[in-house]
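Below is one structure; the comments refer to it alone.
Whatever order the structure lists them in is the order used to number ligands and atoms, beginning at 1.
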Amino acid sequence: MKITSRSELYRKLPSVDEVMRQAEVSSLIAQDGHVAVADAVRVVLGRLRDEITNGDLDAAAVELAAGGIPQAVQRQVRQALTYSLRSVINATGVILHTNLGRAPLGSGAIDHVREAATTYSNLEFDIQRGERGKRDVHVDRLFKNLLASEEGTVAKLDVSTVVVNNNAAAVLVALNTLADGGEVIVSRGELVEIGGSFRIPDVMSKSGGILREVGTTNRTRTADYERAITDRTRLLLRVHRSNFQITGFTEQPSLGELVDLGRRRNIPVLEDLGSGAFFDLRLLGIAGEPGVLDSLRAGVDVITYSGDKLLGGPQAGIVSGRPELVARIRSNPLFRALRVDKLTYAALEATLLAYVKRDYDSIPALRMMILTREQIRERAQSLAADVGSGDLVVEVIDGESVIGGGAAPSSILPTSLIAITSKQFSADELATRLRTSDPPVIARVEDGRVLLDLRTVYPEQDHNVATILRSVCSS
Ligand SMILES: *Cc1c(COP(=O)(O)O)cnc(C)c1O
């Protein structure tokens, strides 16, 4: 057998120009442009050259591969030019799934974003006076409306609100403004880490505040805070235990007790709510999830919360509280560095307007929370019937959805699940096939079954899910 030298093998590969002149490649150029296709050709030829260098290809293999170059170029162009950020079908039942983009926006919010994004706007322009304005005004009036009173009970609260990039930024700028160089008293039971490496002690040290831990993991009393107060104390900090619970032998001062202490000693109370709810979750049978109004009514001086958790809007960090404290936060240079763009203001304004109108159905995360088990069961049954039997064993069973996104871990909602097993594949294999379909379907695997929760699937996607389920088993 004749051994072909490496240099002879390299010569069997066509040049970039030769590939570009091939008929299939010319039509790609017409569609995607010369530059993108030439880039793809160089990648494909480079890969083949590497394989020759590594001794992976003999003469026959090189000839075969050379024949497949146009197809390889086509695949490479598609891969390079498709978006990395894609839409997926969330069948996990976790409504605010941090890995899947947390709160999806409603179409009203998107219309407003499109308008603000594609034309000039009065972002920082006062139309009445014809002078420079402030971007805060667009949402501050809506926050004032939502935070001033509630359904009959006229509890007038004088509250200002500003918006930054996310809640981590809100905590950082609030601590930096109100506590830089001074001490901040926090319970040891609240030194939390929130997904994605947000750790209270680390944010504290970046803010310039000095962490003063009090109490124990499970029990902290008002007296513990009080004993720790010195003339260096700037803040009392309360942090919502978003992603875990402490149960059993526990104690924690109520917000009211903490606020009383702060008032007596003239020290503001800052509360990191994490997930700020404007919707009363008690209506869904969920207790113990503090709402934005509950905290302000209790007298907390400043609260911080996310825009894309229970609020159901865009990613943002929101700081609401006593006007003079919020004004100080607003004039911190860090605030300028952490401010949000017009797209966020537009999405937030539309989301807040929906709250003002009590139009909860137009906020997808709320709409999903409000769905009842019966409504979901009906869809699950018709989807199961749509899939048919075939290779799959499909059952509809009772289960639980999770709110997620740092709402209390106990915040679960009764749901109806589609439980699937396959005669051919394990549950993990089936879940992988669903995940790698187009669009990807993200499911849960539990006890050897794939579970689909339609609470987080848009009704118009149900049919799509059925089609994908049928096709993953036939391929
Ligand atoms: C989620 C959360 C954060 C971080 O909020 P992001 O908007 O993700 O930056 C901070 N604190 C608490 C208590 C949270 O739940």
Side-chain angles (χ1 to χ4, degrees), residues 94-105 139 161-176 178-179 184 186-207 209 211 217 220 235-246 252 255 258 269-278 281 286 288-292 294-296 300 302-321 329 334-335 337-341 343-345 347-348 351-352 365 402-411:
V94 181
I95 298 172
L96 302 167
H97 198 305
T98 298
N99 302 149
L100 303 183
R102 284 201 192 150
L105 292 177
V139 293
T161 299
V162 290
V163 183
V164 288
N165 184 51
N166 52 33
N167 187 41
V171 175
L172 177 69
V173 70
L175 286 174
N176 177 259
L178 304 175
V184 181
V186 193
S187 160
R188 290 198 168 88
E190 297 172 15
L191 295 176
V192 302
E193 172 175 322
I194 314 288
S197 68
F198 173 89
R199 292 175 144 203
I200 289 294
D202 297 346
V203 176
M204 183 73 72
S205 81
K206 282 287 173 205
S207 77
L211 180 65
T217 307
T220 305
L235 273 180
L236 306 179
L237 175 64
R238 163 67 61 98
V239 183
H240 184 51
R241 292 185 193 127
S242 295
N243 47 7
F244 70 106
Q245 275 175 305
I246 298 181
Q252 189 185 30
L255 263 187
L258 213 53
V269 176
L270 171 67
E271 183 182 21
D272 175 17
L273 274 176
S275 201
F278 277 90
L281 291 167
I286 294 169
E289 190 59 32
V292 168
D294 297 324
S295 291
L296 293 172
V300 175
V302 178
I303 56 174
T304 64
Y305 47 105
S306 296
D308 57 349
K309 290 185 180 172
L310 285 173
L311 190 68
Q315 179 188 304
I318 303 165
V319 183
S320 296
I329 292 169
L334 252 189
F335 177 85
L338 300 172
R339 77 176 187 189
V340 296
D341 71 338
L343 309 190
T344 303
Y345 274 108
L348 192 56
T351 306
L352 295 171
V402 180
I403 291 183
S410 57
S411 304

Calculate, to the nearest 0.5 Å, the distance between atoms CD1 and CG belonging to Ile329 and Leu178 respectively.
-> 4.5 Å
Is Asn166 reaching over with its side chain to a backbone N or O of Ala169, donor-acceptor style, under 3.5 angstrom?
-> yes
Any N or O of Asp308 that comes nearer than 3.5 Å to an N or O of ligand 1?
-> no
Identify the closest protein heavy atom to atom 15 (O) of ligand 1: which residue and atom is it, and at what distance?
-> Ser242 OG, 2.4 Å
Contact atoms of ligand 1, heavy-atom distance to Lys309 under 4.0 Å = 1 (C), 2 (C), 3 (C), 5 (O), 14 (C), 15 (O)
Return yes or no for this condition: an N or O of Ala168 is under 3.5 Å from an N or O of ligand 1.
-> yes
Around atom 7 (O) of ligand 1, find the nearest protein heavy atom and jot down its residue, atom name and distance.
-> Ser306 OG, 2.7 Å
Could you tell me whether some N/O pair between Asp272 and ligand 1 is separated by less than 3.5 angstrom?
-> yes
Thr220 OG1 to Gln252 CD distance, which is reported to the nearest 0.5 Å = 7.5 Å
Shortest non-hydrogen separation from Val192 to Pro201 and the atoms involved | O-CD, 4.5 Å
Quick one: which ligand 1 atoms are inside 4.0 Å of a heavy atom on Phe198?
-> 10 (C), 11 (N)
Could I get the full list of salt bridge (Lys or Arg N to Asp or Glu O under 4.0 Å) partners for Asp294, not counting sequence neighbours?
-> Arg282
So which heavy atom on Val269 is nearest to which on Leu258, and how close?
-> CG2-O, 3.8 Å
What residue and atom, counting heavy atoms only, is the protein's closest point to atom 10 (C) of ligand 1, and at what distance?
-> Asn167 ND2, 3.1 Å
Give a yes or no on this: more than 12 heavy atoms of other residues, nucleotides or ligands lie within 6.0 Å of atom CZ of Arg199.
-> no
Hey, is ligand 1 close enough to Ser275 that some N/O pair sits below 3.5 Å?
-> no
Atoms of ligand 1 close to Ile194 [distance to a heavy atom under 4.0 angstrom, numbered from 1] | 1 (C), 2 (C), 11 (N), 12 (C), 13 (C), 14 (C), 15 (O)
Applying the side-chain hydrogen bond (donor to acceptor under 3.5 Å, both in side chains) test to Tyr305, which of Ser275, Ser320, Ser295 qualifies?
-> Ser320
How does Arg102 reach ligand 1, by side chain, by backbone, by both or by neither, if only non-hydrogen atoms under 4.0 Å count?
-> side chain
The atoms of ligand 1 lying under 4.0 Å from a heavy atom of His240, numbered in the order shown, are 13 (C)
